[in-house]
Structure formats: C-alpha cells, structure tokens
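Down below is the structure, laid out as structure tokens.
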Amino acid sequence: MESKKALIVFIHGAGVGGWMWDKQVEYFKESFDCFVPTYAFSKHQLVNEWADQFLNELEERMQQDQRLILVGFSMGSQIALEMCARKPDWFHLVMFNSGYIEPRPFLRKMVVPLMPLFNILPKSKAFSQKQAKELYIPDEHFEAYFAGAKNVTNAELQLIMNENLSYDLPDGLDRYKGKFLITIGEKEEKLLANSVQKLQQAVSQSELLTIPKIRHGFPLAEPDAFNTLLEKWIHK
C-alpha cells in the first residue's frame, strides 16, 4: 500500500499573497500535498485569529497520521508560530523564515501613527517597482503585488505595523518537540536578527541559519536554494 504524502503548509507574508510560494509548490507538488492559505488583516482578524482559522482548515484537510510541515515567511511566520504553539503535536517540522518576535512598545507608539504618511508611496508604480526589486518580487507577480499595495488602507497598514511591533513568543511553544528551522537573510535589519536569536533560545531543538547576501525574502530571492534546504530538513 502506498504511504500517504506528507502535507506542507505555506503561509505568506503581509503585503504579498499565496503566489509567493508558486516555485515551492511547483517543486514539491509531486511528492507532497501542498496547502497555501491566504489572509488579509482586519481589526477582526489578526495573527491569533488567522492561526485559529488555518488550524480549522487544516484539520478538515489533513489525514490521520499524516506528517505535517509548516512553513511561514515574515508575518506568516508569526501565524505559523501561533499554530505550532496551539497544536504542537501536529507538526513534524516548522520552518520559520524572517519573522519578528520582539515587542517594541516605544517604537510602536512612534511609528504606527505615521504609517498613513508612508502609505502614499506604494500607490506610485515607480516606487512599487523599486520596492518589488528590494523584496525580490518576480516580474510575473509584480502586477499582483502592485494591486495589493495600492489597495492597502491606512487603517490596515497601521494594524499590520501595530501587530508586528507587538508580537511576542506565544504560550505553549515549549510543548513542541519536532524539528525547527529558523532562517534569516544576512542583510536583514538588526532588530530582526535579534528577534530570531530570541526564538532560537526559546526553542531548544531549533537551528538558526543565516543566508548569505540576502535581504528580506529568501523564498523569492533564491527559490532553488530554499527548496533544497527545506527538502533536506524534511528528510533529516
């Protein structure tokens, strides 16, 4: 009897969509089931609420005794971490990519009220094209990225920043005993580097890898290397 395929859950970052995982799904779809949920923040659905929703969707989808791999990027990593903390016995491997876990109340009070001023910039196609290059957005996905950037309201942007600068390690994470891989780009912000080190200390069985010459966006910048690394860890 053929064994059931393991299931990989890919959770995208804020400001992008499920399309950011296209090259991962293409690579893994023959050997694994792939599930790419999508989300958008509102005052009613932030990290905790999306984690609960995705767990409900996953429970309906997963098969008995099926191995589950959970992969998150940026704010998607925060959602993945919440899912892991709530259901630590579900997951065989968690891959946490470039997520922020360091509450900064003073910075939050300074930055969040100013976000409407910065929200003007992404409405410019020229600015968004420059930003897309910084984030390694492929040309074929630029229009989807730009459409999303144009449609983000001031309130939504403030919610995203407030949530990001408020997020901390969730209760229950210490109950997770599976494999745990953390990645960060060598050229990412120092605050983010400090954050993932905090996570590594909190999860005793975790390993932290720094990806050379990469800013924020390892899965998009080097999809082949990302896929090879993830596959290696699944079979480790």
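Given the structure is predicted, the values throughout are model-derived calculations rather than measurements.
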Legend entry - Side chain to side chain, Leu68 and Leu58, heavy atoms closer than 4.5 Å: yes
Inset, instruction - For residues Met161 and Leu165, determine if any side-chain heavy atom of one lies less than 4.5 Å from a side-chain heavy atom of the other. - result: yes
Inset, instruction - State which residue, out of Leu192, Ile211, Leu209, Ile214, fulfils the side chain to side chain contact (heavy atoms under 4.5 Å, CB included) condition with Ile184. - result: Leu192
Inset, instruction - Might you point out which heavy atoms bring Phe28 and Asn227 nearest each other, and give the distance in Å? - result: CZ-O, 3.5 Å
Legend entry - Heavy-atom donor-acceptor pair, Glu57 side chain to Phe54 backbone, under 3.5 Å: no
Inset, instruction - Return yes when atom CG of Asp171 has more than 12 non-hydrogen atoms of other residues, nucleotides or ligands closer than 6.0 Å, and no otherwise. - result: no
Legend entry - Residue Asn56 excluded, over 12 heavy atoms near CG under 6.0 Å: yes
Legend entry - Interatomic spacing from CG in Leu46 to CE in Met75 - rounded to 0.5 Å: 8.0 Å
Inset, instruction - To the nearest 0.5 angstrom, please state how far the CE atom of Met83 sits from the CD atom of Gln78. - result: 14.0 Å
Inset, instruction - Tell me, yes or no, whether the heavy-atom count around Lys198 atom NZ, taken from other residues, nucleotides or ligands under 6.0 Å, exceeds 12. - result: yes
Inset, instruction - Could you tell me whether Glu189 atom CD has more than 12 heavy atoms of other residues or ligands within 6.0 Å of it? - result: no
Inset, instruction - Examine distances only and state if a side-chain atom of Lys179 and a backbone atom of Trp233 form a donor-acceptor pair shorter than 3.5 Å. - result: yes
Inset, instruction - Give me the ring orientation class for His141 and Trp19: parallel if the planes are under 30° apart, tilted from 30 to 60°, perpendicular past 60°. - result: parallel
Inset, instruction - Determine whether Leu93 and Leu230 make a side-chain contact, defined as any pair of heavy atoms from C-beta on separated by less than 4.5 Å. - result: yes
Legend entry - Test side-chain contact (heavy atoms from CB on, under 4.5 Å) applied to Asn48 and Ile79, step by step: CA-CA 7 Å; Asn48 288 331; Ile79 295 174; over 6 Å; no
Inset, instruction - Indicate yes or no for a side-chain donor-acceptor contact from Ser42 to the backbone of His44 under 3.5 Å, with no hydrogens or angles considered. - result: yes
Legend entry - Over all atoms of both residues, closest heavy-atom pair of Glu186 and Lys213: OE1-N, 2.7 Å
Inset, instruction - Would you check if the side chain of Lys123 reaches a backbone N or O of Lys150 as a donor-acceptor pair within less than 3.5 Å? - result: yes
Legend entry - Taking every non-hydrogen atom, the tightest pair across Met62 and Gln66: CA-OE1, 3.5 Å
Inset, instruction - Nearest 0.5 Å please: distance from the OG atom of Ser206 over to the CG atom of Leu199. - result: 6.0 Å
Legend entry - Phe73 vs Phe218, side-chain contact (heavy atoms from CB on, under 4.5 Å): CA-CA, chis, key distance, verdict: CA-CA 9 Å; Phe73 171 71; Phe218 176 35; 5.8 Å; no
Legend entry - Glu140, CD atom: more than 12 neighbouring heavy atoms under 6.0 Å: yes
Legend entry - His216 to Ser74 - nearest heavy-atom pair and separation: NE2-OG, 3.0 Å
Inset, instruction - Report yes if some heavy atom in the side chain of Asp33 is under 4.5 Å from a heavy atom in the side chain of Lys4; otherwise report no. - result: no
Legend entry - Backbone N/O of Leu181 and side chain of Glu207: donor-acceptor pair under 3.5 Å: no
Check: residues 94-105 side-chain donor-acceptor pairs under 3.5 Å, at least two apart:
residue	atom	partner	partner atom	Å
Asn97	OD1	Thr183	OG1	2.5
Asn97	ND2	Gly72	O	2.9
Ser98	OG	Glu188	OE2	2.5
Tyr100	OH	Glu102	O	2.9

Inset, instruction - Go through Leu107 and Leu191 one step at a time and tell me if the side-chain contact (heavy atoms from CB on, under 4.5 Å) criterion holds. - result: CA-CA 11 Å; Leu107 186 60; Leu191 285 177; 4.1 Å; yes
Legend entry - Modelled atom types, side-chain donor and acceptor of Tyr176 and Gln205, under 3.5 Å: no
Inset, instruction - Please name the pair of heavy atoms, one in Met20 and one in Gly13, separated by the smallest distance, quoted to 0.1 Å. - result: SD-N, 3.8 Å
Inset, instruction - Consider only side-chain heavy atoms of I, L, V, M, F, W and Y, link residues closer than 4.5 Å, and tell whether Leu70 and Val196 are in one cluster. - result: yes
Inset, instruction - Starting from the C-alpha separation in whole Å, work towards a yes-or-no answer on salt bridge (Lys or Arg N to Asp or Glu O under 4.0 Å) for Glu143 and Lys125. - result: CA-CA 10 Å; Glu143 291 302 331; Lys125 193 165 190 175; 3.2 Å; yes
Inset, instruction - Evaluate side-chain contact (heavy atoms from CB on, under 4.5 Å) for Leu81 paired with Phe180, printing each intermediate quantity in order. - result: CA-CA 10 Å; Leu81 204 60; Phe180 201 102; 3.6 Å; yes
Inset, instruction - Drop me the distance from Ile182's CD1 to Thr210's OG1, to the nearest 0.5 angstrom. - result: 10.0 Å
Inset, instruction - Answer yes or no: is there a donor N or O on one side and an acceptor on the other, between the side chain of Glu156 and the main chain of Thr153, under 3.5 Å? - result: yes
Inset, instruction - Give, for atom CZ of Phe35 and atom CD1 of Ile69, the distance between the pair rounded to the nearest 0.5 Å. - result: 14.0 Å
Legend entry - Side-chain touch Tyr136/Glu222, heavy atoms, less than 4.5 angstrom: no
Inset, instruction - Answer whether the closest heavy-atom distance between the side chains of Leu135 and Tyr145 falls below 4.5 Å. - result: yes
Legend entry - Set of residues satisfying salt bridge (charged side-chain N to carboxylate O under 4.0 Å, His left out) with respect to Glu134, sequence neighbours excluded: Arg215
Legend entry - Same apolar cluster: Leu229 and Val203, side chain cutoff 4.5 Å: no
Legend entry - Smallest separation among heavy atoms of Trp21 and Pro219, with atom names: CZ3-CB, 3.7 Å
Inset, instruction - Check the angle between the aromatic planes of Phe142 and Phe146 and answer parallel, tilted or perpendicular using the 30° and 60° thresholds. - result: parallel
Legend entry - Any side-chain heavy-atom pair of Phe226 and Val71 under 4.5 Å: yes
Legend entry - Gap between atom CD1 of Ile8 and atom CD of Gln24 - 0.5 Å precision: 9.5 Å
Inset, instruction - Kindly say whether Ala225 contributes a backbone atom to a donor-acceptor pair with the side chain of Thr228 at under 3.5 angstrom? - result: no
Legend entry - Sidechain-backbone polar pair: Tyr39 side chain, His12 backbone, donor-acceptor under 3.5 Å: yes
Inset, instruction - For the pair Ser166 (side chain) and Asn162 (backbone), establish whether a donor and an acceptor sit closer than 3.5 Å, ignoring hydrogens and angles. - result: yes
Inset, instruction - Please tell me if the side chains of Pro138 and Leu220 come closer than 4.5 Å, counting only heavy atoms from C-beta onward. - result: yes
Inset, instruction - Give a yes or no on whether the backbone of Ala147 and the side-chain of Asn151 come within a donor-acceptor separation of less than 3.5 Å. - result: yes
Inset, instruction - Could you tell me which residues satisfy salt bridge (charged side-chain N to carboxylate O under 4.0 Å, His left out) with Arg86, sequence neighbours excluded, listed by chain and number? - result: Asp52, Glu82
